[in-house]
Amino acid sequence: MVNINGIWLLEGLVIKKTGREIIAELQSRREKARLGGGVDRIEKHHSSGKLTARERIITLLDEGSFEETDMFVVHRIRDFGMDGKTIPGDGVITGSGKVNGRLIYIYAQDFTVFGGSLSAAHASKIVKVMNLAIQNRAPIIGLNDSGGARIQEGVESLGGYADVFLQNALASGVVPQISMIMGPCAGGAVYSPAMTDFTFMIKGTSYMFVTGPDVVKTVTSEEVTAEQLGGAETHTSISSVADGSFNNDIEALIELRRFLSFLPSSNTDMSPKRNTEDSKSRIALALDTLIPENPNLPYDMKELILTISDQNDFFELQENYAKNILIGFIRLDGQTIGVVANQPMILAGCLDIDSSRKAARFVRFCDAFNIPILTLVDVPGFMPGTVQEYGGIIKHGAKLLFAYAEATTPKVTLITRKAYGGAYDVMSSKHLRGDANYAWPTAEIAVMGAKGAVEILFRNELSDPKKIEKRTTDYEERFANPFIAAERGFLDDVIIPSNSRYRLIQAFSKLKNKTQSNPKKKFGNIPL
Amino acid sequence: MFKKILIANRGEIACRIIKTAKKMNIQTVAVYSDADRSAEHVRIADESVYLGPSPAKESYLKSELIIKACKETACEAVHPGYGFLSENSDFADALEKSNIVFIGPSQSAIASMGDKIESKKIAKLAEINIVPGYIGVIENKEKAIQIADDIGYPVMIKASAGGGGKGMRIAFSRDEVADGFERATSEAINSFGDKRVFIEKFITEPRHIEIQILADNYGNTIYLGERECSIQRRNQKVIEEAPSPFLDEKTRQNMGKQAVKLSKNVSYSSAGTVEFIVDKNKNFYFLEMNTRLQVEHPVTELITGIDLVEQMIRVAYGEKLQLTQNDVRLNGSALESRIYAENPYKGFLPSIGRLTKYNPPEEKTHDDNTITRNDTGVREGDEVSMFYDPMIAKLCTWGNTREIAINRMESALDKFSIEGIDHNIPFLSAIIGSNRFKSGDLTTSFIEDEYPDGFHGLSPNKHEEWIFSTLFLVFHLSEIAKDFYLDEGFSSEWEVQMEDKSQISNQSKYSYVIKKHSKENAEFYVKPMPSKKIEGMKEDYIKVNINKNYSTKLVTSNIELFDNENSFISIPNKIDYKIKYTNPLIELNYRGVKLNALVIPMHISRLSKYMKPIKLVDKSNLLMCPMPGKLLKVMVKEDDIVEEGQSLCVIEAMKMENTLVAQKKCKIKDIKFHEGDTLSVDQIIMEFIFDK
């Protein structure tokens with residue numbers, strides 16, 4: 001006699017399973033798949049302060065909304081003792097669910113299964129949900145936590161990476177792609193997040209690099225820790241690979257929910273409008289004194305952003321990188337707005353290589369996804385010097401110029417103080433099809449500051465400080481105001497600072513049905 | 001009456017004086033420094049005159065400039081306010097020589113009473129009760145130590161020319177006398193241009209009670225009751241009230257009579273204040289006379305109905321007092337809370353910056369006849385600078401009884417929103433709401449007694465914690481409900497993880513079940529699920545509403561979590577509070593309670609046990625500047641070995657000298673600034689090396 005599931009059968013006899021038994025078997029297969037790498041590995045994973053892939057998905061999604069796909073997929077590797085060693089799901093959990101009631105597609109790598117390493121099967125699961133995301137026009141979220149390629153598999157694994165990269169490229173500009181790095185992400189694996197729209201990291205438990213500390217040491221004899229080489233701090237402040245970082249998994253996923261609430265589901269959708277108790281016509285008297293009496297003193301542009309925003313809510317991106325420009329999302333009367341703002345607190349708010357690149361990519365994201373752009377301008381010009389010129393400020397500065405020029409999404413610009421030289425043109429000026437261009441009365445729109453201009457115009461009077469002083473005052477009186485530009489129609493209006501929120505909301509609400517298109521082309525050739 | 005007067009002051013007191021002048025149809029001229037070019041007192045005055053750079057020594061303290069301004073604007077008189085030149089007899093003298101009236105006492109009265117040493121001598125002669133002390137100029141610290149030894153410790157060292165707590169030090173030992181003497185001398189020079197200091201016995205557990213005097217040039221002198229100013233921090237008044245909850249009518253009369261006698265002895269005219277120290281047996285000792293309008297004069301005005309500024313102007317013009325002592329009736333009870341730009345949670349460090357939000361409670365007589373008054377000199381968008389006193393407003397309330405005035409003050413403080421700088425409103429709310437304050441059991445060491453390790457926010461009791469956690473939950477629900485198109489997927493079980501900042505490890509969890517919300521996201525039905533029964537707490541769904549106003553930054557809720565008449569709860573059902581996201585946490589502020597919480601669905605909350613606290617970077621090897629200010633003095637040099645508690649440097653901010661000391665024994669590795677440098681918050685002043 002043999003025992004099958006507790007039932008004794010005479011040898012040689014066959015009995016068909018009942019429907020209930022079949023269902024029970026499915027349940028048991030599911031249970032097994034849900035356990036991933038097993039209890040011990042899960043415990044180890046938890047003890048390092050990390051949630052499991054499945055817990056991460058549950059934390060991100062609306063309660064009970066996750067629908068898993070490809071739960072039973074396993075790898076097809078025969079070499080290096082992998083034959084028969086399969087775990088259902090093969091190290092990545094994929095599927096769909098809802099965030100704040102809106103559909104998203106998701107994949108989460110499971111570090112407890114083969115270290116989250118990527119096999120061809122693993123990759124094909126990711127490609128499948130990415131395809132669904134593109135087809136069904138919903139954001140795709142990747143929660144990365146992987147040791148890298150499944151080495152036992154060789155080139156198949158490499159092919160898998162490339163399959164994912166291709167989907168990243170195809171999805172780009174169609175649906176928002178967001179990567180949350182929640183563990184290691186090394187080698188080829190880094191290029192998928194790099195091709196998505198936004199990358200976030202977890203402080204202390206995540207790192208990203210093309211080659212790890214060991215290889216670095218062998219090749220260059222440079223000694224560096226994983227954290228220094230590719231931790232959250234490094235990528236948010238030095239390399240700009242990551243757009244933000246969070247204290248732990250739960251905080252990161254809660255904030256990701258908040259971030260998603262700003263975004264449209266796809267390029268044919270608009271961002272959801274969010275009700276607010278904040279009055280459209282809220283007056284902010286403090287803005288009337290934001291600009292210091294002394295034009296050489298800085299002020300905090302963040303105060304302006306926070307003050308005009310609905311409920312003072314600003315989701316800032318790349319907060320610690322190229323701090324001379326601020327980018328991020330706010331809402332005005334419930335509508336998502338992308339903000340680009342010069343920050344006079346840092347390097348006087350000038351444009352340089354890093355800030356131009358940072359803002360250019362953001363402008364293009366907004367344009368791709370119909371997010372209106374608010375540009376707040378206080379810019380003394382481009383950063384001078386050999387570091388900048390050798391680094392190619394010409395080409396990098398042109399990125400921002402190009403991005404603004406080609407953007408057809410609603411563009412509203414407010415000049416608070418300085419708008420000097422070429423930087424004036426770049427910062428969403430009227431000439432680049434700004435839809436509504438405003439200035440505060442404190443604005444100064446000129447080729448350059450008065451001192452510099454006078455030194456060129458009246459070079460022969462330089463020996464006489466009195467004359468120069470007079471010339472400087474004259475120049476200031478003539479140009480240190482917004483009215484010359486307003487006379488030419490380069491500004492649509494000069495507005496009272498305390499009334500800015502109301503005026504900007506009005507401007508954007510009129511642009512709701514804006515249609516504008518560029519000449520037909522495959523794509524423009526932005527100076528990459 | 002005068003046609004035009006100049007107000008030689010700034011801030012709230014300049015505004016206060018201009019208001020009365022307007023009522024009397026007198027034209028006003030304001031003066032201002034660089035920092036005050038667009039200040040409120042300049043805006044409301046009829047004319048204004050620029051004095052010079054921001055430091056008071058180069059503007060508001062320049063008497064010759066002010067006299068010049070008077071002449072050029074044809075002012076007949078000058079009201080000096082308090083501080084600055086208000087008790088400078090040379091200034092009064094110079095005005096007299098220029099035929100400009102000084103709205104205040106005679107030059108001789110200022111000289112004799114304004115000077116702490118002189119006034120003691122006169123008081124002694126007039127047989128006024130005085131505190132044992134040394135009367136005379138003290139040449140050096142050796143002499144100071146000898147005098148202190150004679151009087152007996154503790155002693156108080158104070159600038160002769162100063163009022164309030166400026167330049168005042170208490171010393172318990174010879175070392176402290178030596179240190180305090182030098183410091184007081186230096187502050188006296190910086191603040192008043194007069195280096196004289198005096199020493200007297202420091203009476204422990206005293207109350208500070210002062211008598212308001214009003215006198216004319218014809219020998220008529222009356223007293224307008226008392227003010228109790230016992231709530232002080234480092235001798236700087238914080239909360240004042242009139243009448244004192246301590247005095248009986250007999251003591252009040254005795255103090256009033258002595259004050260009048262002293263005033264008459266120096267032929268005092270105008271408004272003045274005789275300060276007394278009162279011990280627990282109602283013995284009172286003369287402390288000093290302030291020959292000017294006091295900061296806290298509004299509480300006297302509220303209980304007497306007399307406009308002291310108007311009286312000062314009339315007396316200065318030569319009018320006779322229309323009031324006699326019999327006309328003075330003390331009516332009801334008034335309180336004053338001084339709103340300072342300082343961080344009560346961080347050792348009351350001065351705070352400077354822009355007032356990005358300034359929304360005081362409305363000034364009015366309420367339906368219940370109580371009064372809210374707010375004397376202020378700032379507007380939203382103003383800069384609170386390091387050059388002047390950190391006081392930004394004086395919030396006063398009046399009620400028929402002390403209890404009513406206190407209730408009105410509590411709700412007025414609730415409705416005060418200030419953002420952009422740190423402020424002491426939570427601290428004021430904590431004091432006003434305390435049982436000890438309400439019982440009237442005050443001494444000048446009240447704050448030291450109640451907050452011996454500084455103020456860290458109040459800790460709510462278990463019952464109150466449930467109220468706060470419910471407010472956190474409802475605030476969060478009201479926000480996330482906006483994101484949902486549908487109710488589908490909205491979790492029904494929630495947890496509030498509340499962190500009490502004063503005891504970081506102490507995180508408490510509060511569970512709830514919620515019902516579907518209303519369309520407007522302003523009303524929620526929630527049911528607390530405590531792990532064990534909480535006495536008096538309702539066990540079914542309760543309705544909580546929430547009303548947010550982003551113009552005033554106030555949030556109001558109605559919450560009835562407990563059965564009525566629950567003695568554990570000091571929180572009313574209708575509550576005005578401040579709450580905002582710090583993402584992902586939420587911060588709530590209510591009457592000195594400051595809490596942070598994370599509100600998450602129950603199924604996620606179960607996972608939070610796996611999260612690890614983030615490691616903080618150790619900065620104990622760095623001396624960071626705690627407040628914006630000027631590096632006045634560096635007492636160590638590189639490679640010095642310093643002991644714990646040893647003074648390292650002195651930062652001058654808001655006219656106060658703050659000594660930074662070593663937290664433990666260490667070697668100075670690097671000093672990054674020089675004396676005279678201007679520092680901002682968290683700038684690294686020096687680096688240390690610790691011995692292993």
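- Of the inter-residue distances, the one linking A:T276 atom OG1 with B:K482 atom NZ reads 4.5 Å to the nearest 0.5 angstrom.
- For B:E479, the parts sitting under 4.5 Å from any heavy atom of chain A are the backbone and the side chain alike.
- Among B:N583, B:I600, B:D382, B:I604, the residue with the largest count of heavy-atom pairs under 4.5 Å with chain A is B:N583.
- For a residue to count as touching a neighbouring chain, one of its non-hydrogen atoms must lie under 4.5 Å from one of that chain's; by this rule B:L355 touches chain A with the backbone only.
- Taking each heavy atom of B:S491 and A:E63 in turn, the nearest pair found is OG-OE1, 2.5 Å.
- Looking at heavy atoms from C-beta onward, B:R354 lies in side-chain contact with A:L290 at the 4.5 angstrom threshold.
- No part of A:S65 comes within reach of chain B, as not one of its non-hydrogen atoms sits under 4.5 angstrom from that chain.
- In this structure, A:R258 contributes its side chain and B:P584 its backbone to no donor-acceptor pair below 3.5 Å.
- From B:K612, atom NZ reaches atom NZ of A:K50 across 10.5 Å, with rounding to the nearest 0.5 Å.
- Heavy atoms from other residues, nucleotides or ligands lying under 6.0 Å from CZ of A:F246 number more than 12.
- Proximity to chain B at a heavy-atom threshold of 4.5 Å picks out A:Q311, A:N312, A:D313 from residues 304-314 of chain A, in numerical order.
- Rounded to the nearest 0.5 Å, atoms CG (A:L287) and OG1 (B:T356) are 9.5 Å apart.
- How far OG of B:S551 is from CG of A:L285: 10.0 Å, rounded to the nearest 0.5 Å.
- Taken from CZ in A:R257 to CD1 in B:I480, the straight-line distance is 7.0 Å, to the nearest 0.5 Å.
- Only the side chain of A:E303 comes within contact range of chain B, with heavy atoms under 4.5 Å apart.
- Closest approach of A:E293 and B:S38 over heavy atoms only: OE2-OG, 4.0 Å.
- Heavy-atom distances place both the backbone and the side chain of A:D249 under 4.5 Å from chain B.
- For A:E55, the parts lying near chain B are the backbone and the side chain together; criterion is any non-hydrogen pair under 4.5 Å.
- With rounding to the nearest 0.5 Å, the separation of CD1 in A:I58 from NE2 in B:H603 is 6.5 Å.
- Within the 4.5 angstrom heavy-atom criterion, only side-chain atoms of A:I254, from C-beta onward, approach chain B.
- In the displayed structure, A:E255 atom CD is contacted under 6.0 Å by more than 12 heavy atoms of other residues, nucleotides or ligands.
- Only the side chain of B:L598 comes within contact range of chain A, with at least one heavy atom under 4.5 Å from a heavy atom of that chain.
- Nearest heavy-atom pair across B:Y550 and A:R282 is O-CD, 3.4 Å.
- A:S47 touches chain B through its backbone: at least one of N, CA, C or O sits under 4.5 Å from a heavy atom, while the side chain does not.
- At most 12 heavy atoms of other shown residues, nucleotides or ligands fall within 6.0 angstrom of atom OH in A:Y502.
- Heavy-atom distances place no part of B:K580 under 4.5 Å from chain A, backbone and side chain included.
- For B:R37, the part lying under 4.5 angstrom from a heavy atom of chain A is the side chain only.
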